[in-house]
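One is the number of the first residue; the rest follow in order along the sequence. All figures in this text were calculated on a predicted structure; none of them were measured in a lab.
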Amino acid sequence: MAARFLLRRSSQILRSIPKHPQIFESPKPILHSLTTASPDLSRISSPTLLRSLSTLRRGPTRPKKIDIGAKARQMQNRRLWTYALTFSCIAGFVVIVLNQFQDQLVFYLTPSDAMEKFAANPTKNKFRLGGLVLEGSVAQPAASQEMEFVITDLITDILVRYKGSLPDLFREGHSVVVEGFIKPFSDEVRKEVSTKPVSGKARGLDCFFSATEVLAKHDEKYMPQEVAAAIEKNKKIIEANHASEEAAKVAS
């Protein structure tokens with residue numbers, strides 16, 4: 001509508017104003033020429049006139065005011081979100097690494113400690129077990145390809161099953177370290193295990209130790225420090241209990 005109005009208005013002006021050949025020699029603006037006595041606008045193209053009129057109708061543009069405070073707050077919020085996201089990513093990565101590292105950790109435990117931890121949390125069943133090989137407990141049942149023996153800390157006996165050849169330093173009555181998993185007894189496993197009387201206490205438990213590796217260290221007397229300390233403690237407990245039983249018999 002505005003373009004049509006301007007075009008119609010310019011046509012009326014062109015028809016009403018006489019010719020003036022010196023229109024382009026005047027240094028005055030086009031709008032001023034329109035107000036003179038006889039300007040010649042026939043030589044001025046319509047698009048040029050329209051652009052001139054539309055430009056002159058416009059008012060002066062005001063520069064937009066920049067809110068420095070709002071811009072500063074926006075940048076601060078961006079920095080805070082960046083710091084928060086970075087910290088969250090780092091914290092999540094650390095948690096994942098620690099969980100995986102904790103799952104891979106294997107501690108030296110005695111049979112008593114291993115059974116206690118397994119009873120508290122059956123999902124954590126991987127251990128590195130240390131103790132003494134019970135004398136007379138080594139056997140290979142005819143119905144199984146696995147070797148079996150009993151590890152004891154003088155208080156708790158646990159049956160160990162291992163598929164493979166035992167190390168040369170493996171001896172009954174000496175220390176041993178095995179790595180593997182505690183598993184509940186199944187009917188099939190109970191049919192395969194040896195029926196030696198010496199392993200009767202270990203067979204009375206609800207689970208056994210499935211070894212994936214039998215560790216032979218420096219010599220046949222090798223034992224982790226924590227396991228050796230636990231066995232020495234158990235020896236003192238057994239001796240104290242034996243002494244109290246003897247004292248009770250004498251008193252009676």
Side-chain angles (χ1 to χ4, degrees), residues 1-3 50-51 54-131 146 151-153 155-156 158-164 167 175-189 202 205-218 222-234:
M1 293 294 292
L50 292 175
R51 284 196 299 270
S54 62
T55 305
L56 292 173
R57 281 176 173 271
R58 295 175 185 174
T61 57
R62 297 180 180 179
K64 295 182 178 180
K65 294 183 179 180
I66 300 175
D67 192 349
I68 300 177
K71 193 171 183 180
R73 288 191 296 270
Q74 185 178 6
M75 293 180 64
Q76 185 178 7
N77 290 335
R78 288 180 180 178
R79 284 196 297 268
L80 291 176
W81 277 110
T82 303
Y83 295 154
L85 290 175
T86 304
F87 178 77
S88 301
C89 293
I90 294 175
F93 177 76
V94 170
V95 170
I96 293 173
V97 171
L98 289 177
N99 287 335
Q100 293 182 353
F101 180 71
Q102 187 175 6
D103 291 339
Q104 294 177 357
L105 285 178
V106 181
F107 300 97
Y108 289 106
L109 296 174
T110 62
S112 299
D113 296 334
M115 293 301 298
E116 182 179 353
K117 289 183 176 294
F118 178 73
N121 187 3
T123 59
K124 302 293 184 180
N125 62 341
K126 185 176 182 180
F127 300 104
R128 185 170 291 174
L129 204 63
E146 294 180 329
I151 292 182
T152 181
D153 58 6
I155 292 180
T156 303
I158 187 169
L159 183 69
V160 179
R161 292 171 62 86
Y162 174 69
K163 187 176 182 180
S175 62
V176 68
V177 175
V178 294
E179 185 175 334
F181 303 87
I182 293 181
K183 297 181 179 180
F185 267 119
S186 62
D187 295 337
E188 183 180 356
V189 173
L205 298 178
D206 295 331
C207 52
F208 68 99
F209 193 85
S210 178
T212 57
E213 186 176 4
V214 178
L215 305 176
K217 297 294 184 179
H218 307 295
Y222 169 78
M223 183 180 294
Q225 184 177 0
E226 54 269 30
V227 176
I231 290 178
E232 288 296 327
K233 181 180 178 181
N234 292 341

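Annotation: the span from N77 atom CG to R79 atom CZ amounts to 9.5 Å, rounded to 0.5 Å. Rounding to the nearest 0.5 angstrom, the gap separating the OG1 atom in T212 from the CZ atom in R128 is 9.5 Å. Rounding to the nearest 0.5 Å places CD1 of I151 at 5.0 Å from CG of L129. Summarising the geometry, atom CG belonging to L159 is positioned 9.0 Å from atom CG belonging to L205; distances are rounded to the nearest 0.5 Å. Note that the CE atom of M115 and the CZ atom of F209 stand 11.0 Å from one another [nearest 0.5 Å]. Here the straight-line distance linking atom CG of L85 with atom CD1 of I90 works out to 11.0 Å at 0.5 Å rounding.
For E213, there are no salt bridge (charged side-chain N to carboxylate O under 4.0 Å, His left out) partners two or more places apart in sequence or in a different chain. With sequence neighbours left out, the side-chain hydrogen bond (donor to acceptor under 3.5 Å, both in side chains) criterion links D113 to T110.
Counting only distance, with no hydrogens or angles, the side chain of N234 and the backbone of I155 share no donor-acceptor pair below 3.5 Å.
Counting only heavy atoms from C-beta outward, the side chains of V189 and K183 never approach each other to under 4.5 Å.
Listed here is the closest heavy atom pair of G130 and P111: O-CD, 3.6 Å.
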